[in-house]
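Data first, discussion second: the structure below is written as structure tokens.
Numbers for residues simply follow the sequence, beginning at 1.
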Amino acid sequence: MTNVRVTHSAVGTRYPAARRFPGRISSQRVADVRRDLGRHLAAWRAAAGLTQMQLAKTICYSRSSVANAEIGRDTSIRRFWQDADRAVDAQGALLAAFDQVAALVRDLHTQQAQARDEQRQQHADRPVTATTHAAPGGCSCGTVVIGRWTGRETRALREALRMTVNDFAQHLGVAPVTVSGWEHRHPPAPPEMARQAALDEALALADIDTKARFLLILDTPNHHR
């Protein structure tokens with residue numbers, strides 16, 4: 001298990017930038033480091049003398065977002081950890097720890113995609129080509145790539161995460177009216193780079209079950225457009 005050390009006694013300590021993780025990475029390893037990161041957040045929060053509700057109000061997230069992060073059920077984007085780091089005066093330690101966890105998640109997804117490519121190559125006489133959407137019925141959903149986010153994909157991701165518009169807005173660090181605008185704008189507006197990046201990050205950090213739901217929702221003919 002990756003050792004990401006951000007403890008109560010480490011206030012003021014700075015951590016190196018996110019690094020790559022050699023060797024085989026398992027989903028259990030990712031779950032373990034997410035729980036470690038959650039414990040570190042709880043320790044920094046306690047050191048700052050804040051309750052979960054007080055921290056949530058300070059960073060404009062829900063208490064459940066903070067609670068989920070502290071028990072390792074976290075798919076928050078970087079902005080959550082950046083704001084939390086500032087609120088508890090972790091001086092970059094929490095954010096650096098999150099960057100390490102995010103790097104581990106990306107490496108896991110890369111390894112899963114490479115393993116699937118190798119399996120396909122063994123059963124085909126043609127070179128493996130990259131695809132945007134995998135078939136929901138047989139997808140292990142390690143890597144899912146969206147070339148351009150429109151309202152349809154945005155809503156599908158929110159529903160796959162089991163979030164309301166308000167929860168999803170907090171998750172991304174934007175206003176609820178912004179999310180509603182993304183989902184219902186017809187025709188789709190030209191892509192906004194910040195929005196595209198935030199949605200890319202939210203999808204990349206989602207767990208396998210969420211990605212599977214995302215693909216299934218997109219594959220449903222009657223899904224709202």
Measure across F168 and L161 and return the closest heavy-atom pair with its distance rounded to 0.1 Å. CE1-CD1, 3.7 Å
Test item: Q54 side-chain N/O and T51 main-chain N/O as donor-acceptor pair under 3.5 Å: yes
Given 3.5 Å as the limit, does a donor-acceptor pair link the side chain of T154 with the main chain of T150, or not? yes
In the structure I gave you, are the side-chain heavy atoms of Q100 and L104 within less than 4.5 Å of one another anywhere? no
Tell me, please, which residues at least two apart from D200 pass side chain to side chain donor-acceptor pair (under 3.5 Å). W149
Enter the distance from L218:CG to R213:CZ here, rounded to the nearest 0.5 Å. 13.0 Å
Those residues that, when tested against S62, pass side-chain contact (heavy atoms from CB on, under 4.5 Å) (two or more places apart): S64, S65, Q170
V88 and L55, any side-chain heavy atoms less than 4.5 Å apart: yes
Quick check: closest heavy atoms across V105 and V30, and the distance to 0.1 Å? CG2-CG1, 3.8 Å
Mind listing the closest non-hydrogen atom pair of I217 and A160 along with its distance? CD1-N, 3.7 Å
Salt bridge or not for R35 and D32, using N-O below 4.0 Å? yes
Quick test of your reading of the model: are E70 and R45 salt-bridged, counting only N-O distances below 4.0 Å? yes
Minimum side-chain heavy-atom gap E153-R148 below 4.5 Å: no
Among residues at least two apart in sequence or on other chains, which ones pass side-chain contact (heavy atoms from CB on, under 4.5 Å) with A175? V177, T178
OG1/T210 to CD/E159 distance, rounded to the nearest 0.5 angstrom? 13.0 Å
Spacing of Q82 atom CD and D99 atom CG [to the nearest 0.5 Å]: 9.5 Å
Mind listing the closest non-hydrogen atom pair of A87 and L50 along with its distance? O-CD1, 4.2 Å
May I ask you to test the D219-F214 pair for a side-chain heavy-atom distance under 4.5 Å? no
Just how far is it from atom CD of Q52 to atom CG of N68, taken to the nearest 0.5 Å? 9.0 Å
Between atom CZ of R86 and atom CH2 of W81, what is the distance when rounded to the nearest 0.5 Å? 14.5 Å
With sequence neighbours left out, what residues match D85 under side chain to side chain donor-acceptor pair (under 3.5 Å)? none
All side chain to side chain donor-acceptor pair (under 3.5 Å) counterparts of R79, not counting sequence neighbours: none
Any side-chain to backbone donor/acceptor pair from R155 onto E183? Under 3.5 Å, distance only. no
Which pair of non-hydrogen atoms, one from W182 and one from L172, has the smallest distance, and what is that distance? CZ3-CD1, 3.6 Å
Nearest atoms (heavy-atom pairs only) where V165 meets S180: CG1-OG, 3.7 Å
Identify, with sequence neighbours excluded, every residue that meets side chain to side chain donor-acceptor pair (under 3.5 Å) alongside T164. D167
What is the distance from atom CG of L199 to atom CZ of R158, rounded to the nearest 0.5 Å? 12.0 Å
For residues R34 and I71, determine if any side-chain heavy atom of one lies less than 4.5 Å from a side-chain heavy atom of the other. no
